[in-house]
A.B. asks: 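Take this structure first; my questions come after.
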Amino acid sequence: MKTATKNPYNASMLAVAIPASTILILLVIVSIGAEWIAPYDPLKQSLREALQSPSSVHWLGTDNLGRDVLSRLIFGGRIALISSLEATLIAVVLGVPLGLFIGYRGGWWDWAVMRLVEAVVSIPGIMVAIVIIAILGPGLHRAMIALGILYSTAFLRLARSVVLAEREEVYVKAARVIGASSNRILLRHILPNIAPPLIIQVTLTIGAVLLAEAGLSFVGLGVQPPGASWGTMLNTAATYMALNAFLAVPPGLAIVITVLSVNLLGDVLRDSVGRGIAVSVKPTTPTAKFAESTTTTSQPNADDILHIQGLQVVVNSKDGSEFPVITDLSFSIKKGETLGLVGESGCGKTITGLSILGLIGTGGRVTHGTINLNNTELTAFSTQQMEQIRGDEVAMVFQDPTTSLNPAFTVGDQIAEVLRVKQGMTKKQAWARAVELIDRVGITRPAERAKAYPHELSGGMAQRIAIARALSCNPKLLIADEPTTALDVTIQQEILDLFRDLQDEFGMAILFVTHDLAVAADICDRVCVMYAGELVEMANIDELFATPRHPYTAGLLSAMPHASDRKPPLPTIKGTVPVPKLWPTGCRFSERCDYSQKACEQLITLTGTTSQVRCIRANEINLGASI
Amino acid sequence: MGDKPLIEINDLWVTYWARSAFQLRSKPFHAVKGVSLSIKAGQTLGIVGESGSGKSSLANAVLGLVPVESGTIRFDQHELSAMKTRYPAAVRKQIQAVFQDPFSSLNPSMTVEDIISEPLRVHTKMSNDQRRDLVVELLELVSLSKDHLKRHPHEFSGGQRQRIAIASALALQPKLLVLDEPVSALDVSTQNQIINLLYERRDALGIAYMLIAHDLALVHHISDRIAVMYLGHIVEEGPADRVYKNPAHPYTKALLEAVPLLDPAKQRARRAARKAQPAYDTPRDAQVGCPYKNRCAQVLPKCQTQAPTPFSVKGGGVASCFLVADAQPTSEAL
C-alpha cells in the first residue's frame, strides 16, 4: 500500500503561521524600539528635502514637509499596535461578559440589550464612531474608545450565540445537577468553549480597527497632525498623489500586510485550539501490508446478486497517510436473500455498504478487490455510471429516517422525484405511484400522508417512507444500515415485519447492517460477523446462534441483555474495538480474546466454504457451551 | 431511617407549556401524569418505557431540572417539589446523575481531573492535594488510572467517558443516583462492563439507583423493582423478577415480545404467529379511558370510558389494567 510521507495539513498550517507570526513579532519589536530603530525623528521637518523619492539617505523617501517616511512608518506602527489592541480590548471586555449574561439569563434583559445592539449595527459603523467621537471629542484614544464600543456589539452577539447553543448541552445539565451556581456554570463550564470563535473574532477586529483607525485619521478624527500614523500618512499621500505617488505605497502595504498576517494567524490559532480535535495517535505497528486474499478467488454464482471479493478500503488520516478500514472482505448475496452484517461500531459495516454504492466520499477509496452487482463490476465505474446504478439496481435505507429525508419537501414529492428522474414518469404518474408505494408500506390514508413533511411523521412512519422511496425503482439489492436502531422496540418489530413482507413481494436481496444480533436473528438468512475491518465469521443464521465458532461472535451473543436473566456480573468482552490504526498484525481480536495463543500473532486466514471462520482455534474450542 | 423510603413521589405531574408564534395561549403538554413511586435506600428502581413515555421528564423533575406542576417529591426529610428546582446544596450533593450521551455530557474543554473534581470544588473545601488524591481514587474505582487525569474527553471511547461520568457522580457519595439511559449509546460488549461497574458500586456504597432505560431485559439485571411507563402513566410496577418473567399489563408483554429472541427457530415461530401490521395511526394520547386502549390487543368495552386504577398483581406489585382486576376480583390496593 502506498503511504504518503508528507503531512500536507500540518505543513500548510506552518507555511502560514511562520511568516505571519514573524511579521507580527517584527512589528512589535520595531514599535517598542521605535526611538532606537528609526533613522530620523518622525516629526523633524526639512522643507528643502520635501517629497523626495527613495534614496540611500531616506530609504522610503520623504513627505511634503520633508519628514522621513520610514521613520514615520515605524512610529505609525506603534500607533497601529496600541490603537488596535486598545479598541479590541475594550470591545472584548465590554461585549463578552454582557453577551454571556444576556445569553444565559434570557428574558427581558436579552430582549432589551439585543434591541439596542440591533439599533447600533443598523447604522454604518464609521457613522457610529463619528457620533461617539463628536461626543467625546477627537484624538486617538477617544477614537479607539468609540471603535471599542462599536465592535463590542460583535463580541456581544458572538458570546450570546455561543451561550445559547452551549446551555442546551448535556454537560450544562450535568453541572446543574452537581449544584454549580449559574455564575459558575457560565464562567467555568461555558466560557472556555467560547475560545475558538472568540480568537477569530479578535483577529478580525484587530484588522478592522487598523483599517478604521487609518480611516478615522484620514478624515482627521484619529491621530492629529503632526503625529505619525499609517492613516495620517495615507491622508498626506492622497493630497500629494500627483507630485509623489510613491507616498501611498509604504503605509498602504503596511496596513495590508499587518491585517493579512493577523487574520491568517487567527485561522491557524483557531484550528489548533479547536475543541474535540483528536490528538493523532502514532501507530505502534507499522501500517502493515495487508495480505491479499488467500482464499481462492471465486467467480459469482449464477444466482448471486452481489459478489464482493477481496475488498480493501482505505481512508485518509489527518496526517496525510492512508490506513485501511476494511481488508480482505469477501461475501455474496443470493437473489431474495437477507444477509446480515453484524458487529460493533468501528468494525467497518457502514463503510462496506457505502463502498457498494460508491459513496465512500473523497476521504477514502477502494484499493483492492471487486464488487460485482448483478454481473456488473462496479469498482471501475465512473461517477455517472454509479449514479445510474444507485436507486435502480441498489438502494439504501439509513438509520435515522428524520435526517435521511429532506425536511424541505413533502414525503410524496421525495418519492415522486426518484420516479421521475429514474423511470422517466410524468409528474402525475410519479405522484400516483408514490401514493401507491406509501400505501404499500402500511401507512393508512396514503394520499393525505403523501402531502406531509417529514417532521410531521413519527420515527416509525418516516422510516416506512424511507423504505418506500428505496423500493420505488424496484432495486435488486436493498442496503439497510441499522434501519431500526433509532426506533422503539415495538416499532422495530413492525418495521422488521414490513421488510420481510416487501421482500416476498418485490423479491429484492437485502444487506442488513446491524449491531444487534437479536435483530439479525429475526430478519436474516445468513450472517457475516465483522470485527475490526474484516470478516471473522460467516454462517447460516441457525448455525451461527446454535454453534458460534469465533470467540467474538460468542462474546457478542453472551453479552446480549436477553441472553441471560442472571444478576451481575454479566458476561463481557474485555477492552474495546481497536481503532483502525492500532490493529494488531495477527488476529485483530487476540487482545480481547480469552483463547488467544502465541500462534494468534501471525496472519489468520478465513477457512471454510459455506460457513467460514477466521480463528485458528475454531475447531478445538467449544464456544456453544459458554452461552 | 427504618422502613421509610429514601425518595417518595406522589401523584407527580410534569407539564410543558408550548407556545407557537400565532397562539396567544400556551398549550399544555403533560409529560408525566400522576406518577407515584418510591425507592428504598440502597435499592434500584428501573423505569422502562419507549420514547415519549415521560421517563426522562420524571428523572429531570427528581433532579430539579424541570419544575413540578403538581404532586410531591419527598427525598430523605426534604420536600423537593416545594423548592421549585432551587435545591439547597445539602440536597444537591445527595442526588447525582449520569446521562445517556457520554459525548455531550462531559465538557469538551475540561480535563478529566476538572470534570471529576468539579462536584468536590462546589461542595467541599478540600485542599488541592486531598482533592487530587480522591480523584485518583475515584478513577481507579472505575478502572481508569491517574495517567488519564490531564486528558480531555475526546481522547476517550464511549465506555471510558461513561466511566468518567460515573466517577464524577460518585465523588460526593450521593444517596441517590439517577441514571438516564446510561448504556444505550454504548456497544453491546461495553454495555455489560458499565452495568457490572454500577452494580458493584451500588453494593459497595449502598447508593439507591433510579435507572431509566428502554430495554426491560437490561434493567431487569440490576433492578430490585421495575416500573413501566406509557404516555406519562405508570402502567405496571413490581418486583423486577415478577415484572420481567410474568408481566401483567398488555403493554409490558408487548414490550418484551417485541424484542427478537436470540434463537432464530423460536423467533421464526413467534413471528409466524403475527402478521405485518400497518403503521400505528390513531392519536397516541387517549384522553379518556385507558391510555393504552388504542394499541391494546385485548381491549375491553369499559377501557374506552374508564381509566383502570392500579390493581395488585399475584407475585407482587401493581398493574393498571382491568384484565388484572378481573383475574383477581377481590384485591384492589396500591
Side-chain angles (χ1 to χ4, degrees), chain A residues 169-171 173-180 184 189 192-193 195 275-279 344-345 442-445 459-461 464 488-490 492-494 496-498 500-501 515 517-519 521-522 541-542 545 555-557 559-563 565-573 576-577, chain B residues 50-51 63 65 87 89 92-93 95-97 99 101 104-110 118-119 122-123 154-155 157 159 165 168 187-193 195-196 199-200 214-215 217-218 220-222 244-245 254-255 258-265 267 271 274-281:
Chain A
E169 291 283 328
V170 185
Y171 73 80
K173 196 161 128 184
R176 283 173 67 193
V177 169
I178 283 168
R184 193 177 175 86
H189 294 261
N193 290 306
R275 63 178 190 181
I277 292 176
V279 179
E344 295 175 283
S345 51
I443 292 178
T444 46
R445 296 180 285 128
M461 203 95 80
R464 284 174 190 258
D488 283 323
V489 275
T490 51
Q492 165 173 289
Q493 170 185 304
E494 291 176 3
L496 291 176
D497 286 346
L498 177 67
R500 201 172 299 109
D501 216 33
H515 71 281
L517 274 164
V519 169
D522 182 275
I541 188 83
D542 294 291
F545 281 79
L556 278 184
L557 276 170
M560 294 294 295
H562 287 259
D565 59 4
R566 54 192 279 199
K567 292 282 170 202
L570 305 173
T572 60
I573 307 174
T576 48
V577 183
Chain B
E50 295 183 289
S51 50
L63 291 169
L65 293 170
Y87 293 2
R92 281 276 180 226
K93 61 191 283 192
I95 308 178
Q96 294 290 305
F99 296 100
D101 185 359
S104 67
S105 67
L106 305 180
N107 192 332
S109 61
M110 286 174 130
E118 184 65 5
V122 172
H123 289 283
H154 68 259
E155 295 170 62
S157 68
S168 176
D187 272 323
V188 201
S189 69
T190 355
Q191 273 186 359
N192 285 359
Q193 295 174 2
I195 290 290
N196 289 347
Y199 189 78
E200 178 218 2
H214 62 272
D215 190 340
L218 192 129
H220 160 254
H221 287 308
I222 177 170
Y244 183 68
K245 289 176 183 153
L255 270 185
V259 179
L261 295 168
L262 280 174
D263 182 331
Q267 178 61 20
R271 195 166 79 198
R274 60 165 203 260
K275 259 179 60 192
Q277 298 288 318
Y280 180 72
D281 195 27

A.B. asks: If you round to the nearest 0.5 Å, how far is CD of Gln493(A) from CG of Leu255(B)?
C.D. replies: 10.0 Å
A.B. asks: Under 4.5 Å between any side-chain heavy atoms of Val177(A) and Leu65(B), yes or no?
C.D. replies: yes
A.B. asks: What part of Ser345(A) gets within 4.5 angstrom of chain B, counting heavy atoms only: side chain, backbone, both, or neither?
C.D. replies: both
A.B. asks: Relative to chain A, which of Asp215(B), Ile95(B), Val259(B) shows the most heavy atom pairs under 4.5 Å?
C.D. replies: Val259(B)
A.B. asks: Taking all non-hydrogen atoms of both residues into account, name the closest pair between Asp542(A) and Pro264(B) and its distance.
C.D. replies: OD1-CB, 3.6 Å
A.B. asks: Do Asn107(B) side-chain atoms and Tyr171(A) backbone N/O form a donor-acceptor pair below 3.5 Å?
C.D. replies: no
A.B. asks: Which answer fits Arg176(A), side chain, backbone, both or neither, if we ask what part of it has an atom under 4.5 Å from a heavy atom of chain B?
C.D. replies: both
A.B. asks: At a 4.5 Å cut-off on heavy atoms, which part of Glu344(A) comes close to chain B: side chain, backbone, both, or neither?
C.D. replies: both
A.B. asks: Given heavy-atom pairs under 4.5 angstrom as the criterion, report whether the side chain, backbone, both or neither of Leu262(B) touches chain A.
C.D. replies: both
A.B. asks: For Ala89(B), is it the side chain, the backbone, both, or neither that has a heavy atom closer than 4.5 Å to a heavy atom of chain A?
C.D. replies: neither
A.B. asks: Pick whichever of His214(B), Lys93(B), Gln191(B), His123(B) has the most heavy-atom pairs under 4.5 Å with chain A.
C.D. replies: His123(B)
A.B. asks: Under a 3.5 Å distance rule, please check whether His221(B) uses its side chain to pair with a backbone N or O of Pro561(A) as donor and acceptor.
C.D. replies: yes
A.B. asks: Mark yes or no for whether Asp488(A), through its side chain, and Ser51(B), through its backbone, hold a donor-acceptor pair below 3.5 Å.
C.D. replies: yes
A.B. asks: Under 4.5 Å, counting heavy-atom pairs only, tell me which of Ala174(A), Ala518(A), Gly555(A) racks up the most with chain B.
C.D. replies: Ala518(A)
A.B. asks: A side-chain contact here means heavy atoms from C-beta on lying under 4.5 Å apart; do Ile178(A) and Arg92(B) qualify?
C.D. replies: no
A.B. asks: Can you name the closest pair of heavy atoms from Asn192(B) and Ala559(A) and give their distance?
C.D. replies: ND2-O, 3.1 Å
A.B. asks: Specify the closest pair of heavy atoms between Glu118(B) and His189(A), including all atoms of both residues, with the distance to one decimal.
C.D. replies: OE2-NE2, 2.8 Å
A.B. asks: Which bit of Tyr87(B) is near chain A, if near means a heavy-atom gap under 4.5 Å: side chain, backbone, both or neither?
C.D. replies: neither
A.B. asks: Under 4.5 Å from any heavy atom of chain A, what part of Ser157(B) do you find: side chain, backbone, both or neither?
C.D. replies: side chain
A.B. asks: Can you name the nearest heavy-atom pair linking Ile573(A) to Gln193(B), along with the distance?
C.D. replies: O-NE2, 2.7 Å
A.B. asks: Where is the tightest heavy-atom contact between Pro260(B) and Gln492(A), given as atom of each residue plus distance?
C.D. replies: CD-NE2, 3.8 Å
A.B. asks: Who wins among Asp522(A), Val519(A), Ile541(A), Val489(A) for the most heavy-atom pairs under 4.5 Å with chain B?
C.D. replies: Asp522(A)
A.B. asks: What are the two closest non-hydrogen atoms of Thr572(A) and Ser189(B), and how far apart are they?
C.D. replies: CB-O, 4.3 Å
